[in-house]
Amino acid sequence: MMREDKFVQVHVNVEKTPEQIVYHLIVHPSLERPKGCFSPTKIGEIILERLPDQLYTFTLKTAMEWEQDAKLAEKNCFCLTLFASSITNLLNQIVSEEIPELSFLAGKLKYGSIENVIVDWSKTNPTYHFAGIIFDYKEKLGIPDLEKARSFLSLTDTTYLVNKQITIVLLMPVNDSRCFTAISNNPITSFHQINQYLWWSFHFDHYFSKSDFVSTKLDSEHGYNVIEDILIYTRPILNIEDVPIPLWDFIKKHYNFLPPFFDEESFSTALILSKIKNI
C-alpha cells in the first residue's frame, strides 16, 4: 500500500501470521525529489497481536529510523522532518482508506515533534533507570540517547483548551524499546481502547514548582508526575470529564475556574466525596 505527494511516498508493508499482524511504515522520497535527498527510511511499526491468554495488544514502535547507521539516520531524519506534514497526511490516508482494521487510527497518527512522546520510566530496564538518575533524563520529555531526533511517529488526540491559561496535551508513553502498548480483553478495533493508555499533560501559563503540586497531593503517589513546569497524569483517563477532582480543585484555587460540566454546588459535592474516598 502506498500514497504519495510531490515530496514523499509513504509505504505500508504487511506481514501476517495467525497470531500477529505487523505493519511496516516506510518513507521513500517521491520521484520528483532530487536523487539522494534521503534514502528509504522505516519510521515505525504497528503490531496487532493475540496473546495465548486471550488478551489482545496494540503496539506502536517509534524512532526506528535511528536503528540504522547514525550518520545516515541523522541525514535522513533531517529531511523527513521537513516533510513531516506530508508523512502525517499520507499515513492517515492509508489507514483510513486501505486498512479497515486500522481505520480507527485515521487522524490519530502524527509524524512530528517529540513533544507528544515521553518515556515511561516504570517500563524501562535498570540500566536506563540508573541513567535517568545520573544524567537527569527523568526531568526531560524525550527518549534516552536520541538527543538529535527531531521527529517521531506518535499517536495523538484532541488538544484541550481548558481556558486561555490552561492547555491539555496527550502524550504517548514508550518503554526503552521505544514501544507504546495497549492491552484489551477484546480485539482492538477502536481508539477508545487505546486512549486510556495515553498520558495527559497540563500546561499552565503560570509557573508552578514541583512543590506547589506536591503540597496539594498532585504527586506520584496519586498518579502525577512533574517535568519542569508540566503536570502529567499517568493513570487511565478517557475524556476531560475524568480529570480527577483534586486537580480541578487546584485549578479553581489558582485560576478561579471550573469546567462547564461543574457548577459551584456540584463541584463542592464532588470535592467532599473525593476527600471521603481518600481518607
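Of the N and O atoms on the side chains of Asp263 and Ser266, at least one donor lies less than 3.5 Å from an acceptor on the other residue. Asn76 and Ser39 share a donor-acceptor pair across their side chains, judged by distance under 3.5 Å alone. Side-chain contact of Thr57 with Thr181: a donor-acceptor pair under 3.5 Å is absent, judged by distance alone. Side-chain contact annotation: Ser209 with Ser211, donor-acceptor N/O pair under 3.5 Å present.
The closest side-chain heavy-atom distance from Ser103 to Val95 is not below 4.5 Å. Side-chain contact between Asn195 and Gln193: absent, with no pair of heavy atoms (C-beta onward) separated by less than 4.5 Å. Leu48 places a side-chain heavy atom less than 4.5 Å from the side chain of Leu102. Using a 4.5 Å heavy-atom threshold, the side chains of Leu247 and Tyr233 count as separate. Counting heavy atoms from C-beta outward, Ile94 and Arg3 have side chains that approach closer than 4.5 Å. No side-chain heavy atom of Leu51 sits less than 4.5 Å from a side-chain heavy atom of Ile183. Counting only heavy atoms from C-beta outward, the side chains of Leu153 and Lys110 never approach each other to under 4.5 Å. Ile168 is not listed as a side-chain neighbour of Thr159, based on a closest heavy-atom distance of 4.5 Å or more.
Ring centers of His11 and His28: under 6.0 Å apart, within the cut-off. In this structure, Phe83 has its ring center no closer than 6.0 Å to that of Tyr111. Ring centroid separation for the pair Phe213 and Phe250 comes in under the 6.0 Å cut-off. Here Phe191 and Phe104 keep their ring centres 6.0 angstrom or further from each other. Separation of the His206 and Tyr255 ring centroids does not fall under the 6.0 Å cut-off.
Through direct or relayed side-chain contacts under 4.5 Å between Ile, Leu, Val, Met, Phe, Trp and Tyr, Val22 connects to Ile47. Grouping Ile, Leu, Val, Met, Phe, Trp and Tyr by side-chain contacts under 4.5 Å, direct or through others, leaves Val169 on its own.
The number of heavy atoms from other shown groups lying within 6.0 Å of CZ (Phe78) does not exceed 12. Within a 6.0 Å radius of CD in Glu241, more than 12 heavy atoms belonging to other residues, nucleotides or ligands are found. Atom CD of Glu19 sits in a crowded spot, with more than 12 heavy atoms from other residues, nucleotides or ligands closer than 6.0 Å.
At a threshold of 4.0 Å, the pair Glu45-Arg178 does not count as salt-bridged, since none of the basic side-chain nitrogens sits closer than that to a carboxylate oxygen.
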